[in-house]
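Since the structure comes first, as C-alpha cells, the remarks are kept for the end.
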Amino acid sequence: MRIIYCDNVFDNEIIEPDYEEEKKSAINAGFDFSLISFEELTDGNITTALRFVKEPESREFAIYRGWMLTPTQYQNLYSGLLKKNIELINSPEEYKHCHYLPDSYEKIETKTPKSNWTTELDNDSILKLAEEFGDNPIIVKDFVKSEKHNWEEACFIPNASNSNKVKSVVDKFIELRGDSLNEGLVFRQFQELEYLTEHSKSRMPLTKEFRIFFANKKIVKVFDYWDEGKYGETNIELDDFIEIAQKIESNFFTMDVAKKKDGEWIIMELGDGQVAGLPDNANRNEFYNKLKENTL
Ligand SMILES: Nc1ncnc2c1ncn2[C@@H]1O[C@H](COP(=O)(O)OP(=O)(O)O)[C@@H](O)[C@H]1O
Ligand SMILES: [Mg+2]
C-alpha cells in the first residue's frame, strides 16, 4: 500500500512541507510513498503531475493524502494512477459521496442538522430555501465548505426569516468563496453546541467537536477537532455513528461529530479521508499505524 502526497511547489522531488511529518509516520508504519504535482493536476496536466510516480509490477493499492480536489480533479488523479497500475482506496463516486454534503445527506439525515440546498443562486431561490427554516437560526455553506472564520458576516444567520440578513450573509459568503464555490448553496439549521472557547484568531465560537476517521468501516482514530480549548474527559456515544458508518459508500472517510448543549450527539459533516486534515496536535504515528491495520 502506497501513500500519494503532493510535492513542494518549488521542488518536485521533495514533499509539501505540511505533510513532512505524516510522511515520516507513514514510512514508520510500513507504507511506501510517491509524490505528485498538485499544481499540474489541478491545471489538467495529469501525465506531468504523475511523472515521478513509479509504476509497480502488479496492481498496488494507494491512498492520497493531500489538498482537497474537486470531483473532476479526483477523477483525473484516479484514472491517471490506474493507468500506472495503482488503485486509490476510493473510486471517484466514493470520493464525491462524502465530499458533497447533498450526496450523503440521506445517509446521515437522522443524526445531522436539517439541511437543504440549491444550485440556483438568484434571490428568489435563496429566500425560498431559507423560508423552510421559519424563524430559526441557520448557517450557510457550499456543497463542501463554509466560511466559518467569517462567522458573523458570511456564515451565521440568526433568524432565517430576516431576508435582509439572509441576503447580506449569502452575498458575503459567495464573494469570499469566489471561484472556489463548490456547486451551490447549503443552508443548515443551527444547533446550540457545547461551548469550548473562542478561536484565538477569528474569534469564531469553538464547540466540542471531534473528527473520526473510518477506514474500511472501522474507526482508525478519534481526534479532538480543535487545537484550542480544554476538551476534558468526554465520552462520545459512538455506537450510532459506527452503525451509520456501515452505510456510507466510501472506504476511507471522516465523520465530524459534535455534542449539543442538551447532551445529544450529532454529525456535523462527512469528508473524504484522503483530503481531511489532521489536527496540528494529532499523534501521526498512531494514526498511520492504525490506518495500516485497517487497510491490510
Ligand atoms: N448546523 C450547525 N449548528 C451549529 N454549529 C455549526 C453548524 N454547522 C456548522 N457549525 C459550526 O461551523 C463549523 C464549520 O462547519 P462545517 O460544516 O464543518 O464546515 P467546514 O467544511 O467549513 O468545516 C463547524 O465545525 C461548527 O463549529
Ligand atoms: Mg468542518
Side-chain angles (χ1 to χ4, degrees), residues 67-70 95-105 108-117 129-130 132-160 166 169-170 172-174 176-178 180-213 222-229 231 234 236 241 253-280 282:
W67 311 126
M68 274 188 186
L69 299 169
T70 64
Y95 178 81
K96 193 163 156 273
H97 185 66
C98 291
H99 193 57
Y100 283 168
L101 176 73
D103 276 45
S104 49
Y105 179 69
I108 59 174
E109 201 173 354
T110 56
K111 278 273 173 191
T112 204
K114 172 185 158 165
S115 310
N116 60 15
W117 52 86
L129 206 63
E132 288 179 30
F133 295 93
D135 293 338
N136 287 300
I138 54 175
I139 69 108
V140 55
K141 61 186 294 185
D142 66 17
F143 281 23
V144 182
K145 293 301 289 177
S146 67
E147 285 289 339
K148 61 190 171 206
H149 292 298
N150 295 291
W151 186 253
E152 302 283 342
E153 308 78 37
C155 192
F156 180 62
I157 300 171
N159 181 339
V166 169
V169 171
V170 166
K172 189 70 188 171
F173 173 76
I174 291 173
L176 290 172
R177 295 300 290 145
S180 315
L181 185 85
N182 294 289
E183 300 293 316
L185 272 191
V186 177
F187 284 141
R188 315 197 71 192
Q189 180 139 356
F190 176 78
Q191 305 280 355
E192 294 279 352
L193 304 176
E194 221 176 78
Y195 183 75
L196 191 61
T197 187
E198 206 173 65
H199 194 272
S200 54
K201 291 202 191 85
S202 70
R203 315 249 62 101
M204 147 190 198
L206 302 189
T207 50
K208 266 207 181 162
E209 293 169 66
F210 298 83
R211 170 159 287 182
I212 311 171
F213 277 85
V222 182
F223 293 113
D224 295 354
Y225 186 79
W226 304 108
D227 286 303
E228 307 178 26
Y231 270 76
T234 309
I236 313 176
F241 296 138
F253 63 93
T254 53
M255 187 184 279
D256 293 341
V257 303
K259 192 177 185 192
K260 292 201 330 191
K261 278 193 177 151
D262 67 10
E264 191 195 342
W265 284 89
I266 57 169
I267 297 176
M268 210 73 257
E269 60 171 346
L270 302 179
D272 188 276
Q274 300 172 106
V275 298
L278 300 181
D280 288 345

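First listed ligand is number 1; within each ligand, the first listed atom is number 1.
With a heavy-atom cut-off of 4.0 Å, Trp151 touches ligand 1 through its side chain alone. Counting heavy atoms closer than 4.0 Å to ligand 1, residue Leu193 contributes side-chain atoms (C-beta onward) but none from N, CA, C or O. Contacts between Glu209 and ligand 1, counted as non-hydrogen atom pairs separated by less than 4.0 Å, involve the side chain only.
With contacts defined as side-chain heavy-atom distances shorter than 4.5 Å, the pair Ile108/Leu101 qualifies. Arg177 has its side chain within reach of Asn182: a pair of non-hydrogen atoms, C-beta onward, lies under 4.5 Å apart. The closest side-chain heavy-atom distance from Tyr195 to Pro205 is below 4.5 Å. A heavy-atom distance below 4.5 Å is not found between the side chains of Ile266 and Lys111.
The protein heavy atom nearest to atom 10 (N) of ligand 1 is Met268 CE, 3.9 Å. Taking atom 18 (O) of ligand 1 as the reference point, the nearest protein heavy-atom neighbour is Glu269 OE2, 2.8 Å. Looking from atom 1 (N) of ligand 1 to the surrounding protein, the closest heavy atom is Gln189 O, 2.8 Å. Protein heavy atom nearest atom 17 (O) of ligand 1, with residue, atom name and distance: Lys141 NZ, 2.7 Å. Distance from atom 3 (N) of ligand 1 to its nearest protein heavy atom, with residue and atom name: Gln191 N, 2.9 Å. Of all protein heavy atoms, the one lying nearest to atom 19 (O) of ligand 1 is Ser146 OG, 3.2 Å.
The Mg ion (ligand 2) lies under 2.8 Å from an N, O or S atom belonging to Glu269.
Within the 4.0 Å heavy-atom shell around ligand 1 one finds Thr207. Using a 4.0 Å cutoff on heavy atoms, Leu101 does not count as a contact of ligand 1. Within the structure, the closest approach of Met204 to ligand 1 falls below 4.0 Å when heavy atoms are considered.
When only modelled atom types and interatomic distance are considered, Lys259 and Thr234 share no side-chain donor-acceptor pair under 3.5 Å.
Residues Phe133 and Phe190 place their aromatic rings such that the two centres sit no closer than 6.0 Å.
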Exercise. Mind running side chain to side chain contact (heavy atoms under 4.5 Å, CB included) on Tyr225 and Leu206 for me, showing each step along the way?
Key: CA-CA 10 Å; Tyr225 186 79; Leu206 302 189; over 6 Å; no
Exercise. Go through Leu185 and Trp117 one step at a time and tell me if the side chain to side chain contact (heavy atoms under 4.5 Å, CB included) criterion holds.
Key: CA-CA 5 Å; Leu185 272 191; Trp117 52 86; over 6 Å; no
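The backbone N or O of Asp224 lies less than 3.5 Å from no partner atom in the side chain of Tyr231, so there is not a single donor-acceptor pair.
In summary, the atoms of ligand 1 found under 4.0 Å from a heavy atom of Lys148, numbered by their order in the structure, are 13 (C), 14 (C), 20 (P), 22 (O), 23 (O). Applying the 4.0 Å criterion to heavy atoms of Ile139 picks out, from ligand 1, the atoms 7 (C), 8 (N), 9 (C). Heavy-atom proximity to Val144, at under 4.0 Å, picks out these atoms of ligand 1: 21 (O). Those atoms of ligand 1 with a heavy atom of Tyr225 less than 4.0 angstrom away are 23 (O). Those atoms of ligand 1 that come under 4.0 Å of a heavy atom in Lys145, given as number and element, are 20 (P), 21 (O), 22 (O), 23 (O). Applying the 4.0 Å criterion to heavy atoms of Pro113 picks out, from ligand 1, the atoms 1 (N).
A salt bridge between Lys172 and Glu147 is absent, with no side-chain N of the basic residue lying under 4.0 Å from a carboxylate O of the acidic one.
Annotation for Asp272 and Cys98: closest pair N-CB, 3.9 Å, computed over non-hydrogen atoms.
Counting heavy-atom neighbours within 6.0 Å of Lys96 NZ, excluding the residue itself, gives a total of 12 or less.
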